[in-house]
J.: 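Below is the structure I would like to discuss, written out as structure tokens.
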Amino acid sequence: MGDGQGPGDNGEHRDGQGPVEHGHGRPAAAVFDALGAEYEQAFAASAAHRESLDRLLADLAPGSRVLDVGSGTGRPTARTLADAGHRVLGVDVSPVMTALAARQVPEAEFRCADIRDLPLPEGEFDAVCVYFSLLQMERGEQGELLGRLARALRSGGLLVVATVPVDVAGVDAVFMGQPVRVSSFGAEEFTALTARAGIAVEWTHSALFTPDHPAGMPEPHLFLHGRQLTAATNGAAFPHGTP
């Protein structure tokens, strides 16, 4: 799991501050405020995340504009991108995480906001990163957000998204000692969901990772890299709206 936004419909508060009325998971803002720098330490050794970032850097033009969704403490994603000379906007629902990121990566811009409520002009970004920040959203919200993020990319822009590929919807779980409610998709279904959002998936990678935390449990991780399709290309490639 990553620096996700707050749970969505069914009565929960979307600003991440209100109580969860169904199930026992805490809003994402409360979860990641509580974890703070522990989250960065727990996931610092993820070789797959580093490989994904290296691949993204190789594909980016100099000085690219990059949106980091669920930017957490700013490390490693925003830090890596800023060090390479890219212009980074990080968005996270956790005030604690956002403050940490601003201190640790002063070259980047960070906003404490729910990405679902943030206006995203079309064609604004050269790349969008979404590392593990969908998992506390409802399934329908995940697909809707991926579509918005695809449209926020310039033509041919890059989308990098990572998730925990398990077929669950609204399941109560414990993440690093914090109660959460999780929704996700299996690997094939999530890849198809990304393609339907208007992204040509070019690379996938699966890994198993155990966070460096006393309550850490092994997690399957799925990384996808793809490019935004123009409407004409999208229609030609997927005439029925499916990959």
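As the structure is a computational prediction, the values presented were derived from the model and not from experiment.
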J.: What do you reckon, is CD of Glu144 surrounded by more than 12 foreign heavy atoms closer than 6.0 Å?
T.: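 No, because the 6.0 Å sphere around CD of Glu144 holds 12 heavy atoms or fewer from other groups.
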J.: What pair of heavy atoms forms the shortest contact from Ala82 to Val88, and how long is it?
T.: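 That closest heavy-atom pairing would be N-CG2, 4.1 Å.
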J.: Which pair of non-hydrogen atoms, one from Cys112 and one from Val93, has the smallest distance, and what is that distance?
T.: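 Shortest heavy-atom contact: SG-O, 3.7 Å.
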J.: If we only count heavy atoms from C-beta on, is the His225 to Leu56 side-chain gap below 4.5 Å?
T.: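 His225 reaches Leu56 side chain to side chain.
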J.: Grouping I, L, V, M, F, W and Y whenever their side-chain heavy atoms are under 4.5 Å apart, do Phe110 and Val96 come out in a common cluster?
T.: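 The answer is no; the residues belong to distinct hydrophobic clusters.
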J.: Should Val105 and Leu81 be counted in the same cluster of Ile, Leu, Val, Met, Phe, Trp and Tyr side chains packed under 4.5 Å apart?
T.: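 Not linked; separate clusters.
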J.: Looking at every heavy atom in both Asp92 and Ser71, which two are closest together, and how far apart are they?
T.: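 So the two residues come closest at OD2-N, 3.3 Å.
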J.: Please check: side-chain N/O of Gln104 versus main-chain N/O of Thr73, any donor-acceptor pairing under 3.5 Å?
T.: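 Here the side-chain-to-backbone pair exists.
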J.: Taking atom CD as the centre, does Glu51 end up with more than 12 heavy-atom neighbours from other residues, nucleotides or ligands that are less than 6.0 angstrom away?
T.: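 Counting other residues, nucleotides and ligands, CD of Glu51 exceeds 12 neighbours.
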J.: Do Val164 and Met217 land in one hydrophobic cluster if side-chain heavy atoms of ILVMFWY residues count as linked below 4.5 Å?
T.: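 No, it is not one cluster - the side chains of Val164 and Met217 are not joined through contacts under 4.5 Å.
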J.: With a 4.5 Å cut-off on side-chain heavy-atom distances among I, L, V, M, F, W and Y, is there a chain of contacts connecting Leu158 to Trp203?
T.: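 Linked within one cluster.
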J.: List the atom of Leu222, the atom of Ser206, and the distance in Å for their closest heavy-atom pair.
T.: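 For Leu222 versus Ser206, the nearest heavy atoms are CD1-OG, 3.7 Å.
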J.: If you define the side chain from C-beta out and look only at heavy atoms, does anything of Arg50 sit under 4.5 Å from Thr80?
T.: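 Yes - at least one pair of side-chain heavy atoms lies under 4.5 Å apart.
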J.: Using modelled atom types only, decide if a donor and an acceptor are shared between the side chain of Glu138 and the backbone of Ser183 within a distance under 3.5 Å.
T.: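 Pair absent, no side-chain N/O of Glu138 close to backbone of Ser183.
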J.: Any salt bridge between Asp68 and Arg79, counting N to O under 4.0 Å?
T.: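 Judged by the 4.0 Å cut-off on N to carboxylate O distance, Asp68 and Arg79 do not form a salt bridge.
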J.: Give, for atom OG1 of Thr194 and atom CD of Glu189, the distance between the pair rounded to the nearest 0.5 Å.
T.: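 Between Thr194 OG1 and Glu189 CD, I get 10.5 Å after rounding to 0.5 Å.
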J.: Could you tell me if the side chain of Ile115 sits less than 4.5 Å from the side chain of Met137, heavy atoms only?
T.: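 In contact.
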J.: Yes or no on ring pair (Phe, Tyr, Trp, His ring centres under 6.0 Å) for Tyr131 and His49, after CA distance, side-chain angles and deciding distance?
T.: CA-CA 8 Å; Tyr131 285 107; His49 193 153; 4.0 Å; yes
J.: In terms of ring plane angle, is the pair Phe43 and His221 parallel, tilted or perpendicular, where the classes change at 30° and 60°?
T.: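 Geometry flag for His221 against Phe43: parallel rings.
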J.: Would you say the side chain of Leu145 lies within less than 4.5 Å of the side chain of Arg148, judging by non-hydrogen atoms?
T.: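 Yes, side chains in contact.
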J.: Give the minimum heavy-atom separation between Ala173 and Val182, together with the two atoms involved.
T.: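 What the structure gives for the nearest pair is CB-CG2, 4.4 Å.
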J.: Return the minimal non-hydrogen interatomic distance between Ala152 and Leu120, and the atom names on each side.
T.: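 So the minimum-distance heavy-atom pair works out to CB-CB, 4.1 Å.
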J.: Answer yes or no: is there a side-chain heavy-atom contact under 4.5 Å between Leu149 and Leu67?
T.: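 Side-chain contact under 4.5 Å: yes.
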J.: Using side-chain heavy atoms (C-beta onward) and a distance below 4.5 Å, is Asp126 in contact with Arg87?
T.: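 In short, these two side chains touch, coming nearer than 4.5 Å.
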J.: Answer with yes or no whether the hydrophobic clustering places Val174 together with Val180; edges join I, L, V, M, F, W, Y residues whose side-chain heavy atoms lie under 4.5 Å apart.
T.: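 Different hydrophobic clusters.
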J.: Do Phe190 and Leu134 have side-chain heavy atoms sitting under 4.5 Å apart?
T.: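 Yes. Closest side-chain heavy atoms under 4.5 Å.
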J.: Would a 4.5 Å heavy-atom cut-off, applied to side chains only, mark Arg111 and Thr98 as touching?
T.: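 A side-chain contact under 4.5 Å is absent here.
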